[in-house]
Amino acid sequence: MSSGRSSRDPVEHSPLIAACSPAGLYVASLDGELIDCNEALAGLLGYGSRAEALAARELTLPCVAGGAGAGPSGTSGIEGVLMRRDGSVARVLRTEAVIEERGARRVVGAIVDLSASRCTEDRRRDLSEELRQAQKMEAVGRLAGGIAHDYNNLLAIILNYTSLVMEELDEQSPAQKDLAEIQRAAQRAASLTRQLLTVSRRGLAQPVVLDLRDVVRGVEGALRAAMGDAVDLAIGLGPVGCRVLSDAGQLEQVVMSLAQNARDAMPGGGRLSIEARAVRVGAAGGLHDAHPAIPPGRYARLVVSDTGTGMSDDVRTRAFEPFFTTKPRGKGTGLGLATVYGIVKQWRGHIELASRPGEGTRVEIYLPLAARQASSRRGRAAGAAPRPGAGGTVLVTDDEDAVVALACRILSQHGYTTLTARGPREAVRVCEEQRGRVDLLLTDVLMPEMSGRELAERLVKLRPEMKVLLMSGYTGDALDDPRAAAPRAAVLAKPFTAESLLRAVRRALR
Ligand SMILES: Nc1ncnc2c1ncn2[C@@H]1O[C@H](COP(=O)(O)OP(=O)(O)OP(=O)(O)O)[C@@H](O)[C@H]1O
Ligand SMILES: [Mg+2]
């Protein structure tokens with residue numbers, strides 16, 4: 001019986017194998033004319049079907065067998081390139097054998113497309129670079145956030161006691177000038193702390209829904225002035241809304257900081273383009289392929305590109321590091337891009353940097369589009385001067401005694417009655433024992449026994465009429481989600497000044 005044998009005859013299976021093979025298989029003449037192939041080869045070369053590829057007169061597959069490195073009867077695993085039908089180039093691995101068929105010499109070969117696996121490899125590299133960057137920034141953030149909490153308390157004390165002394169001293173006193181110096185230094189320290197908090201994504205922000213295009217329009221004048229005549233500034237704004245949940249001041253800072261970097265990279269002049277438009281990053285194909293680290297969705301995209309010096313690989317990979325700068329001492333602090341990165345991440349965005357020496361730099365930022373023109377109408381704080389306190393009873397609690405004492409001093413000077421508690425447990429007791437009203441709880445967010453938010457929840461049950469004002473040096477865990485940061489409780493940034501404290505208290509009591 002020969003039936004068993006014939007069903008195992010390899011010749012019968014070979015068309016099936018050829019059809020299933022992911023590798024492109026072919027037979028060609030020695031000068032590259034295609035005689036037969038499988039569907040995979042047709043696909044690899046950009047043809048719709050095997051029949052279409054075989055009919056294509058323009059198609060040749062110049063043989064590599066017999067070329068350099070080849071044995072007398074063929075080659076194995078030669079890496080090279082092939083032109084696809086649309087003119088694009090595929091990187092391929094080719095194996096060929098030369099055979100005799102009906103008296104003619106032919107080439108039988110297999111081609112594996114390397115471009116696809118290379119693309120996956122590139123994606124993996126991109127993603128792991130993004131992860132490394134995120135971990136590094138997270139570590140810096142934790143460090144900065146931890147320091148800033150204590151640091152802000154100390155700065156609040158220095159700033160406020162200095163102004164109290166200044167008020168009490170005679171205006172003509174020679175000590176006034178010295179005190180003003182102390183105040184200036186403390187303000188500088190406070191602004192550096194604020195910047196570090198922004199780097200670490202813990203900066204206190206004012207979340208509003210705003211249009212990215214308005215941000216760019218808003219800084220255009222300042223940009224033109226800062227760039228000077230040598231830089232040709234081109235601004236392109238998309239036709240549809242680019243609404244994002246973010247902080248206007250922070251986004252202005254992003255645009256200005258990137259523009260300043262561009263200007264510094266074009267000392268002899270050049271072109272700076274700024275573009276803001278709404279884009280869709282699709283699940284497959286299009287923008288997602290170009291930016292594998294960005295989840296599919298709708299984004300407002302900001303692109304800032306220049307024709308400047310560009311960056312070496314070394315500079316590019318370190319550019320986002322806090323304090324990394326190639327600029328002379330006193331010119332750059334190296335916090336520009338680190339701050340931009342912090343801001344972008346605070347609003348759940350993505351940032352990409354492309355740059356090569358001599359080819360300029362392109363920074364792309366993707367911020368998730370806000371679903372609707374929702375929520376927060378909380379604009380920026382009005383700059384009104386404090387009015388004398390309208391009265392009311394404020395319970396002040398903080399684990400730092402000096403902060404409690406300071407806040408109480410400012411509040412009572414402005415007509416408020418104050419109750420004090422050194423920490424949450426004492427605050428609960430005071431609240432239980434106090435007979436009269438408590439209009440406001442002014443509490444630190446981060447305290448060892450209980451967070452300010454938990455304390456507020458407990459006390460509001462006891463006294464439903466009581467309003468809450470949280471004091472925070474940074475948006476740490478308790479205030480992490482910007483959307484969650486718009487609760488019943490208002491937030492006062494530390495270090496506070498008498499003015500900002502009184503303004504926040506008045507607003508909370510309204
Ligand atoms: N558009 C650009 N073209 C070329 N190099 C750039 C560009 N942007 C940033 N860099 C490089 O990255 C480094 C870090 O930039 P970053 O903005 O963080 O700090 P800086 O500009 O040096 O200082 P700062 O922004 O604090 O004034 C720069 O010193 C520069 O070497
Ligand atoms: Mg900079």
Side-chain angles (χ1 to χ4, degrees), residues 129-130 132-141 143-144 148 188-203 215-216 219 222-228 230-236 249-276 301-346 349-366:
E129 198 166 300
E130 163 123 337
R132 243 199 328 276
Q133 183 74 15
Q135 283 167 338
K136 198 161 64 187
M137 299 303 282
E138 196 48 47
V140 173
L143 182 69
R188 279 222 316 270
S191 104
L192 193 63
T193 312
R194 256 197 308 278
Q195 188 159 15
L196 276 177
L197 287 172
T198 314
V199 168
S200 66
R201 272 181 280 157
R202 288 175 167 84
V215 174
V216 175
V219 293
L223 269 176
R224 290 201 187 277
M227 290 304 112
V231 173
D232 175 19
L233 174 64
I235 292 185
Q250 286 189 347
L251 290 191
E252 285 165 9
Q253 193 182 347
V254 165
V255 178
M256 291 305 290
S257 181
L258 294 176
Q260 270 154 15
N261 281 350
R263 183 204 54 199
D264 292 347
M266 302 188 290
R271 186 180 173 83
L272 166 65
S273 322
I274 300 181
E275 191 196 294
R301 182 178 69 180
L302 175 73
V303 182
V304 177
S305 57
D306 65 58
T307 55
T309 53
M311 297 178 222
S312 64
D313 279 355
D314 194 35
V315 170
R316 188 172 38 76
T317 49
R318 299 193 59 194
F320 289 110
E321 273 177 31
F323 302 111
F324 173 79
T325 180
T326 57
K327 293 171 191 174
R329 250 186 117 77
K331 188 118 198 302
T333 60
L335 281 177
L337 283 177
T339 307
V340 168
Y341 184 94
I343 292 172
V344 170
K345 290 295 164 184
Q346 182 167 5
H350 302 270
I351 182 163
E352 295 192 343
L353 171 65
S355 184
R356 269 176 207 239
E359 291 180 20
T361 297
R362 179 181 171 92
V363 179
E364 293 190 8
I365 290 172
Y366 292 78

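Reckoned from all heavy atoms, side chains included, excluding hydrogens, waters and symmetry mates. What you are looking at is a predicted structure, and each value in this text was computed from that prediction instead of being measured. Numbering of ligands and ligand atoms starts at 1, following listing order.
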Check whether any side-chain heavy atom of Leu302 lies under 4.5 Å from a side-chain heavy atom of Val216, and answer yes or no.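 Of all side-chain heavy-atom pairs linking Val216 with Leu302, at least one is under 4.5 Å.
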
Side-chain ion pair, Arg301 and Glu275, N-O less than 4.0 Å: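 A salt bridge links Arg301 with Glu275.
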
Quick one: look up the protein heavy atom nearest [atom] and list residue, atom name and how far away it is.
{"atom": "atom 22 (O) of ligand 1", "result": "Thr325 OG1, 2.6 Å"}
{"atom": "atom 2 (C) of ligand 1", "result": "Thr361 OG1, 3.7 Å"}
{"atom": "atom 5 (N) of ligand 1", "result": "Met311 CG, 3.4 Å"}
{"atom": "atom 27 (O) of ligand 1", "result": "Gly332 CA, 3.5 Å"}
{"atom": "atom 1 (N) of ligand 1", "result": "Asp306 OD2, 2.8 Å"}
{"atom": "atom 30 (C) of ligand 1", "result": "Thr326 OG1, 3.5 Å"}
{"atom": "atom 14 (C) of ligand 1", "result": "Phe324 O, 3.3 Å"}
{"atom": "atom 26 (O) of ligand 1", "result": "Thr333 OG1, 2.5 Å"}

Please name the pair of heavy atoms, one in [X] and one in [Y], separated by the smallest distance, quoted to 0.1 Å.
{"X": "Thr307", "Y": "Gly270", "answer": "OG1-CA, 3.5 Å"}
{"X": "Gly308", "Y": "Met266", "answer": "CA-CG, 3.4 Å"}
{"X": "Arg271", "Y": "Ala234", "answer": "NH2-CB, 3.3 Å"}
{"X": "Ala262", "Y": "Leu272", "answer": "CB-CD1, 3.7 Å"}
{"X": "Met227", "Y": "Gln260", "answer": "CE-N, 4.2 Å"}
{"X": "Ala319", "Y": "Met311", "answer": "CB-SD, 4.2 Å"}

Applying side chain to side chain contact (heavy atoms under 4.5 Å, CB included), run through Ile365 and Leu258 and close with a yes or a no. CA-CA 11 Å; Ile365 290 172; Leu258 294 176; 3.9 Å; yes

Close approach of Gly334 to ligand 1, heavy atoms, under 4.0 angstrom: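 Yes, that is the case, since the closest heavy atom of the residue is under 4.0 Å from the ligand.
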
Does any N, O or S atom in Asn261 come within less than 2.8 Å of the Mg ion (ligand 2)?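 Of the N, O and S atoms in Asn261, at least one lies under 2.8 Å from the Mg ion (ligand 2), which means yes.
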
Counting only heavy atoms not in Arg224, do more than 12 fall under 6.0 Å of its CZ?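 Enclosed: over 12 neighbouring heavy atoms sit under 6.0 Å from CZ of Arg224.
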
Distance-only N or O hit between ligand 1 and [X], under 3.5 Å:
{"X": "Ala265", "result": "no"}
{"X": "Leu337", "result": "yes"}
{"X": "Thr309", "result": "no"}
{"X": "Lys327", "result": "yes"}
{"X": "Ser257", "result": "no"}

Just jot down the ligand 1 atoms closer than 4.0 angstrom to any heavy atom of Ala319, in number order.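 Listed by number with element, the hits are 12 (O), 14 (C), 18 (O).
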
Mark up the atoms of ligand 1 that fall under 4.0 Å of a heavy atom belonging to Val315, in ascending order.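 Close to Val315: 11 (C), 31 (O).
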
Closer than 3.5 angstrom, by distance alone: can the side chain of Ser257 be matched with the main-chain N or O of Val254 as a donor-acceptor pair?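 It does not hold such a pair.
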
